Structures are given as structure tokens and as C-alpha cells.
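Remember, it's a predicted structure, so these values are computed and weren't measured experimentally.
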Amino acid sequence: MDLATIRSVALDFLSGAASVPRGPVELFQLEAANEVVPPTPPSKPIPTVLQLRREKDGRYQPRKEEPPPPKKASPLKSISAADFIASILLEVVFMVQTALMKHLPLPGVAFIAVFVHMSMLNSMYSFEYFWMSNGVPLIRRIDRLERRWPFFLGFGAPLTALTLYSDNTLVQGCIFGALFPLFIIASYSADWTSIRHINGYIPVFRIFYPSLLFTTKLSVN
């Protein structure tokens with residue numbers, strides 16, 4: 001074998017050895033290079049043929065979320081704000097009417113007139129909370145007071161007698177503030193419809209009519 005042949009065989013051996021991986025690192029690199037990465041699935045679902053056909057024909061519409069049903073408004077038991085303001089205005093005008101009763105020429109008649117007015121006003125104060133919470137309008141509240149006036153006159157008489165016991169306005173206010181909550185509680189359990197009629201009929205006592213008429217004229221104007 002000559003020198004040229006030996007040299008050729010040695011070069012072939014070295015070139016073949018260089019092309020083969022010689023360690024675990026090279027083997028891992030070779031496997032990683034030859035590894036096939038699977039395709040990433042799409043983020044959105046692919047539409048089917050039926051959906052595409054419906055979209056083309058205009059018959060397919062994407063499903064929309066239905067809005068939540070509107071909340072039902074709770075039934076209003078209180079009266080309107082206008083009726084509430086009219087009630088306050090009527091009470092103020094009725095207090096002026098009561099104050100005018102003091103100027104009647106006969107002292108005894110003046111005292112009785114003031115006492116009756118104050119008793120009816122105190123009954124109106126006491127039953128106002130119960131009737132307003134049940135949605136009774138002002139006109140019906142006044143009509144109840146005037147048609148069942150013997151009951152309401154007797155209901156408010158004790159509070160009126162105790163407040164008029166003293167001539168001091170501060171003492172009267174303290175007595176009224178201490179006893180008025182008790183009358184409010186009593187109004188919720190009082191049965192004002194069980195009053196007996198006199199000969200089957202009770203005359204209507206239109207004690208609130210002047211104040212109601214003035215309040216109505218004032219509200220309209």
C-alpha cells in the first residue's frame with residue numbers, strides 16, 4: 001500500500017467520525033433539531049359549514065345575551081309629595097283658625113271653640129302617620145275626621161286638656177312632646193269605624209272647611 005492510499009483512507013475516517021455526535025449534549029441537540037412542533041390550536045372556534053351558510057343567507061345571527069328583566073317598582077304606600085305639602089299647609093292654616101277662636105266675644109264660648117279645634121287637630125296629628133302610610137289622600141282624611149268627629153274629638157281631648165293645663169308655652173311643648181308618641185301608637189289600634197250613630201245618623205261637622213278652602217285657593221294661585 002503506497003503513501004497516497006494510506007493518506008486517503010485516513011482522511012475518509014476522520015471526516016466520517018466528525019459527522020457523528022460524540023456526546024449526550026450533541027445527541028440532545030440533534031433530537032431537538034429534528035423534533036416536529038405540533039400546530040397551536042386557534043383561540044376562536046372555527047365556524048362550521050352550516051354557520052357559514054347561514055351567515056351568507058342572512059339567516060344566522062350570533063346569540064346575544066338577554067338583558068336582565070327590569071326590577072319591579074315596589075307599590076307606593078305613601079301619598080305624593082304634593083299631598084304631603086298640602087297637608088302641612090292645611091295644618092298651619094288650621095292653627096291660625098284656632099288662634100282666631102280666642103277672639104270670640106264670649107270667653108266661655110271662645111275656650112270651648114279653642115278646645116274643640118285643638119282636640120280635632122291633635123287627632124289629625126295622631127292619625128296622620130297611619131293614614132299616610134296606607135296612602136289615604138288628604139281629602140279622605142279630612143272627610144273621615146269630619147264625619148266621625150265625636151270619636152276624634154274624644155280621642156284628642158285628653159292631650160288637649162293636658163297641654164292647656166299650663167299657660168307656659170315651654171311647658172305645653174314638653175307635655176305634648178312626651179305624650180304625643182303614645183297617641184300615635186294608640187291610633188294604630190283604635191277602631192274609629194265602630195262609633196254608634198245617633199238615631200242612625202251623625203251630622204257632618206265641617207270644622208276644617210274654612211282652612212281647606214283657603215288652602216285650596218292658595219295652592220291654585
Enquirer: Looking only at heavy atoms, what is the nearest atom pair of F183 and S126, with distance?
Expert: CB-OG, 3.5 Å
Enquirer: Do M95 and M124 belong together in a cluster built from hydrophobic side chains that touch within less than 4.5 Å?
Expert: yes
Enquirer: Closest approach of F84 and M132, non-hydrogen atoms and distance?
Expert: CD1-CE, 3.1 Å
Enquirer: Check the hydrophobic clustering (I, L, V, M, F, W, Y; side-chain heavy atoms under 4.5 Å; chains of links allowed) and say if Y188 and F180 are grouped together.
Expert: yes
Enquirer: What are the two closest non-hydrogen atoms of L162 and L179, and how far apart are they?
Expert: CD1-CD1, 3.2 Å
Enquirer: With no hydrogens and no angle check, is any side-chain donor or acceptor of D83 less than 3.5 Å from a backbone partner on P137?
Expert: no
Enquirer: Between L104 and V114, is there a shared hydrophobic cluster once you connect ILVMFWY residues whose side-chain heavy atoms come closer than 4.5 Å?
Expert: yes
Enquirer: Output yes when a side-chain donor or acceptor of R141 lies under 3.5 Å from a complementary backbone atom of E128, and no otherwise.
Expert: no
Enquirer: Specify whether F152 and W131 have parallel, tilted or perpendicular ring planes, treating 30° as the upper limit for parallel and 60° as the lower limit for perpendicular.
Expert: perpendicular
Enquirer: Using the benzene-type ring in the case of Trp, are the ring centres of F127 and F155 under 6.0 Å apart?
Expert: yes
Enquirer: Establish, from distance only, whether the side-chain atoms of Q97 and S211 form a donor-acceptor pair under 3.5 Å.
Expert: yes
Enquirer: Taking atom CZ of F214 as the centre, does the number of heavy atoms from other residues, nucleotides or ligands within less than 6.0 Å exceed 12?
Expert: no
Enquirer: Ignoring hydrogens and geometry, is there a side-chain-to-backbone donor-acceptor pair from T160 to F115 under 3.5 Å?
Expert: no
Enquirer: By the rule that ILVMFWY residues connect when side-chain heavy atoms come within less than 4.5 angstrom, directly or transitively, which residues belong alongside Y165?
Expert: none
Enquirer: Without swapping roles, check the side chain of S123 against the backbone of M120 for a donor-acceptor pair under 3.5 Å.
Expert: no
Enquirer: Looking only at heavy atoms, which two atoms of L164 and Q172 are closest? And how far apart?
Expert: CA-NE2, 4.3 Å
Enquirer: Any side-chain hydrogen bond (donor to acceptor under 3.5 Å, both in side chains) pairs touching residues 101-115, not counting sequence neighbours?
Expert: none
Enquirer: Distance from F176 atom CZ to Y125 atom OH, nearest 0.5 Å?
Expert: 6.5 Å
Enquirer: Output the distance between atom CD1 (I85) and atom CG (L89), rounded to the nearest 0.5 Å.
Expert: 9.5 Å
Enquirer: Is there a path of hydrophobic side-chain contacts, each under 4.5 Å between heavy atoms of I/L/V/M/F/W/Y residues, joining I112 to F208?
Expert: yes
Enquirer: Keeping the roles fixed (side chain from N134, backbone from V136), state whether a donor-acceptor pair exists under 3.5 Å.
Expert: no
Enquirer: Rounded to the nearest 0.5 Å, what separates atom OG1 in T215 from atom CD in E91?
Expert: 10.0 Å
Enquirer: Counting only N and O atoms by type, is there a donor-acceptor contact under 3.5 Å from the side chain of N122 to the main-chain atoms of M118?
Expert: yes
Enquirer: Working to the nearest 0.5 Å, report the span between CG of L145 and CZ of R140.
Expert: 12.5 Å
Enquirer: Rounded to the nearest 0.5 Å, how far does CG of L138 lie from CD1 of I142?
Expert: 5.0 Å
Enquirer: Just wondering, are more than 12 heavy atoms of other shown residues or ligands nearer than 6.0 Å to OH in Y129?
Expert: no
